[in-house]
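Have a look at the structure below, then the notes.
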Amino acid sequence: MLPSGASIFKCGWCGAITNQNKKKREQKCFGWRVLRDRCFLSSVIIFMLFVIFGGVWAVYPIVFSISLLWGIFHSIITTILSIATVSFFSLAAFRCAGTPPNILWGSYPTVGQGDLENYTFCLYCSKPKSPRAHHCRSCGKCILDMDHHCPFIGNCVGAANHYSFVCFLISAVLSTIYVSIMSVYASLHIWPSLSYSLGRLKGMTGRDLAWRLMNEILIAFLRSTLFLSSRGLLLAYLFIASVSLQIGLSVLLWQQLSFIYQGKTYLSNLSSHADNEEEKKDCQNLVRFFGFQHPVSRFFSNFRVTQKRHDT
């Protein structure tokens, strides 16, 4: 009953209301969100390349000077961690997060009875939205099994790249642990010697002695940094940055694994708190997420059968 140019209209079949003004307002902010994601993505890529090549420049001349086999061993580990981290990051960032099928208008097949059960209507896409899909305003489209939008990868975490995102977190945590250990190991060989003034400690006992001793060690450590080379300063920065990232990424990885264990995503967890729904918590959720289709108990049962056959 509304004119054809109306900004708001209602579907006479399903009752869905489409607000074109809301869609236009959303498109105005879309460009700024894309620019923000690209800036974050570029910063992360530059930082990853800096850590890889800077770490190789700072650490491996020291490692190879100690032992050739030791240097080759650590070179292999660095190559594996670098390739794994960059590969999983690329899959999570540049792969489509998983969108419903895009069907051209006018070519929709006939909808059977019950086919749109539990479906809702997306006001932004002007299309039916499946139960486990959410509209992302930063990507401008609906995402299947959307977990969250991560600006650091410039993409949503959804059905198609959730596995790559979790694997990236695992490889990034292992890489930061390795970088922090190697930074400390290399720093021990090039760090200037510490000079103490222990004469001031005479006559002190108990808590005053411990506090004064810690203060002298800290002052000597800070004084020695003035004589560090550029390689030593880079090692100190890599240690601080890797430990900081290690803490943040570990918390995020633990959160992701806990949601997978509960059979949820971040967004479904928020909605389930609102609806007081209970999901089935099971380790099989983790097993299926990482690509194992059969339950773990099946492998143990097969192992017991083969062991009994060998015993008989």
Side-chain angles (χ1 to χ4, degrees), residues 36-95 150-155 157 161 163-194 217-218 220-254 256-257 290:
R36 176 204 63 186
D37 291 347
R38 290 180 178 177
C39 291
F40 274 112
L41 180 63
S42 301
S43 301
V44 172
I45 293 175
I46 293 173
F47 179 76
M48 289 173 60
L49 296 177
F50 171 77
V51 170
I52 294 172
F53 293 106
V56 169
W57 176 80
V59 173
Y60 283 90
I62 303 171
V63 174
F64 274 98
S65 64
I66 298 173
S67 173
L68 178 61
L69 292 177
W70 193 242
I72 295 174
F73 173 74
H74 284 287
S75 298
I76 295 173
I77 295 179
T78 301
T79 303
I80 294 174
L81 290 176
S82 300
I83 293 176
T85 304
V86 173
S87 299
F88 285 123
F89 176 81
S90 301
L91 289 174
F94 302 111
R95 187 178 184 180
C150 181
F152 294 100
I153 64 173
N155 196 7
V157 178
N161 65 343
Y163 172 81
S164 301
F165 181 75
V166 174
C167 290
F168 162 69
L169 292 179
I170 295 173
S171 61
V173 169
L174 294 177
S175 299
T176 52
I177 293 174
Y178 176 73
V179 169
S180 60
I181 293 174
M182 292 304 298
S183 299
V184 173
Y185 176 77
S187 298
L188 292 176
H189 291 81
I190 65 171
W191 202 272
S193 58
L194 304 180
I217 294 174
L218 180 61
F221 179 78
L222 294 176
R223 191 185 299 117
S224 65
T225 56
L226 299 175
F227 303 97
L228 278 176
S229 61
S230 57
R231 181 173 280 110
L233 291 174
L234 180 58
L235 288 173
Y237 171 76
L238 288 177
F239 174 76
I240 296 173
S242 61
V243 171
S244 303
L245 285 174
Q246 190 180 131
I247 297 173
L249 292 175
S250 298
V251 173
L252 181 57
L253 177 61
W254 175 258
Q256 288 290 313
L257 293 178
F290 286 103

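We count residues from 1, following the sequence as given. Heavy-atom basis, side chains included; hydrogens, waters and symmetry copies ignored.
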> Going from CG on Asn161 to CD1 on Ile153, what distance comes out if it is rounded to the nearest 0.5 angstrom?
Replying inline: 5.5 Å
Pairs under 3.5 angstrom only: tabulate donor-acceptor contacts from the side chains of residues 167-177 to other protein residues two or more places apart or in another chain.
{"from": "Ser171", "atom 1": "OG", "to": "Cys167", "atom 2": "O", "distance (Å)": "3.1"}
{"from": "Ser171", "atom 1": "OG", "to": "Phe168", "atom 2": "O", "distance (Å)": "3.0"}
{"from": "Ser175", "atom 1": "OG", "to": "Thr85", "atom 2": "OG1", "distance (Å)": "3.1"}
{"from": "Ser175", "atom 1": "OG", "to": "Ser171", "atom 2": "O", "distance (Å)": "2.7"}
{"from": "Thr176", "atom 1": "OG1", "to": "Ala172", "atom 2": "O", "distance (Å)": "3.0"}
{"from": "Thr176", "atom 1": "OG1", "to": "Val173", "atom 2": "O", "distance (Å)": "2.8"}

Review item, side-chain donor-acceptor pairs of residues 38-58, under 3.5 Å, at least two apart:
{"from": "Ser42", "atom 1": "OG", "to": "Arg38", "atom 2": "O", "distance (Å)": "2.8"}
{"from": "Ser43", "atom 1": "OG", "to": "Cys39", "atom 2": "O", "distance (Å)": "2.8"}

> Looking at residues at least two apart in the chain, or sitting in another chain, which of them share a side-chain contact (heavy atoms from CB on, under 4.5 Å) with Ile77?
Replying inline: Phe73, Leu81, Tyr178
> Could you give the distance from CZ (Phe152) to CG (Asp37), rounded to the nearest 0.5 Å?
Replying inline: 10.5 Å
>> Test of understanding: with side-chain contact (heavy atoms from CB on, under 4.5 Å), list the residues that count as partners of Thr79, not counting sequence neighbours.
In response: Ile83
> What's the spacing between Ser75 OG and Ile80 CD1 if we round to 0.5 Å?
Replying inline: 11.0 Å
> Is there a side-chain contact (heavy atoms from CB on, under 4.5 Å) between Val166 and Phe88 once you walk through the steps?
Replying inline: CA-CA 9 Å; Val166 174; Phe88 285 123; over 6 Å; no
> Can you find a pair of side-chain heavy atoms, one from Pro61 and one from Arg231, that are under 4.5 Å apart?
Replying inline: yes
> Between CG of Leu235 and OG of Ser229, what distance do you get to the nearest 0.5 Å?
Replying inline: 8.0 Å
> Considering only heavy atoms from C-beta outward, does the side chain of Thr78 approach that of Met182 to under 4.5 Å?
Replying inline: no
>> Give me the atom names and distance for the closest heavy-atom approach of Leu257 to Phe290.
In response: CD2-CZ, 4.1 Å
>> Suppose we screen for side-chain contact (heavy atoms from CB on, under 4.5 Å). Which residues come up paired with Ser244, at least two apart in sequence or across chains?
In response: Ile240
> With distance as the sole test, does Asn155 use its side chain to make a donor-acceptor pair with the main-chain N or O of Ala92 at under 3.5 Å?
Replying inline: yes
>> So, taking the atom named CD1 in Ile72 and the one named CG in Leu68, what distance separates them when rounded to the nearest 0.5 Å?
In response: 4.0 Å
> How long is the gap from SG on Cys150 to CG on Leu252, to the nearest 0.5 Å?
Replying inline: 7.5 Å
> Of all residues at least two apart in sequence or in a different chain, which pass the side chain to side chain donor-acceptor pair (under 3.5 Å) check with Trp70?
Replying inline: His74, Tyr185
>> Tell me whether the count of non-hydrogen atoms from other residues, nucleotides or ligands lying under 6.0 Å of CZ in Phe239 goes above 12.
In response: no
